[in-house]
Amino acid sequence: MKRDDLKQGKTYALRPKRSGRGGPLIKVTFVGAVHGRQCKISHEEGDLEGLEEWIQTRQLACAWGEQKALLCDEERSARLAASDEDVRGRITEETISAVMTASREDGGFAEHWDTNEAPAERYWGRCRLNGTPWVLSAWAAVY
């Protein structure tokens, strides 16, 4: 959170370092002291209840009352990212196939490689994709 948005005595959701998105949130209270990018908080629950410490303001994910909405947004974001990866793979495959067809190579890629190894590997390399089309393809078992 931004330091200007913090209110003394208000509870916030702290995301510990290295826990990443979707990690646990800890209920803390902003004590009121801010120094640079750090602020002083007091733990409201857990093993550290009652203890005060300095943390970086970016570790405060949101106001405590908004934590459910934050976690829901993060879950939706993760599902969207996973969906994007699937679409990106299909778009890459369709693009390679279109280029191979336009250059009068064999039929291209349509859920399996319908071409010789050399042209497929050449186009795969031009797209700067890792591995080989034979290893990464879900249909590699066919070959």
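Basis for what follows: all heavy atoms, side chains included, without hydrogens, waters or symmetry-related copies.
Checked against Tyr12 for a side-chain contact (heavy atoms from CB on, under 4.5 Å), the options Leu6, Thr29, Thr57 give a single hit: Leu6.
Every residue was checked against the side chain to side chain donor-acceptor pair (under 3.5 Å) condition with Gln38, not counting sequence neighbours, and none meets it. Glu75 meets the side chain to side chain donor-acceptor pair (under 3.5 Å) test with Arg79; sequence neighbours excluded.
With rounding to the nearest 0.5 angstrom, the NZ atom of Lys7 is 10.0 Å from the CZ atom of Phe30. Within the model, atoms CG of Asp5 and SG of Cys62 stand 12.0 Å from one another, a figure rounded to the nearest 0.5 Å. Put simply, CG on Leu71 and CG on Leu25 are 5.0 Å apart, with the number rounded to the nearest 0.5 Å. Atom CD of Glu74 sits about 11.0 Å away from atom CD of Gln67, to the nearest 0.5 Å. Between atom CD1 of residue Ile55 and atom SG of residue Cys39 there is a gap of 4.5 Å, rounded to the nearest 0.5 Å.
By the 4.5 Å heavy-atom criterion applied to side chains, Leu14 and His43 are counted as neighbours. Put simply, the side chain of Pro16 reaches to within 4.5 Å of the side chain of Ile26, judged on heavy atoms.
Taking hydrophobic clusters as Ile, Leu, Val, Met, Phe, Trp and Tyr residues chained together by side-chain heavy-atom distances below 4.5 Å, Leu60 shares a cluster with Val34.
Identified under the salt bridge (Lys or Arg N to Asp or Glu O under 4.0 Å) test for residues 40-55, with sequence neighbours left out: Lys40-Glu52.
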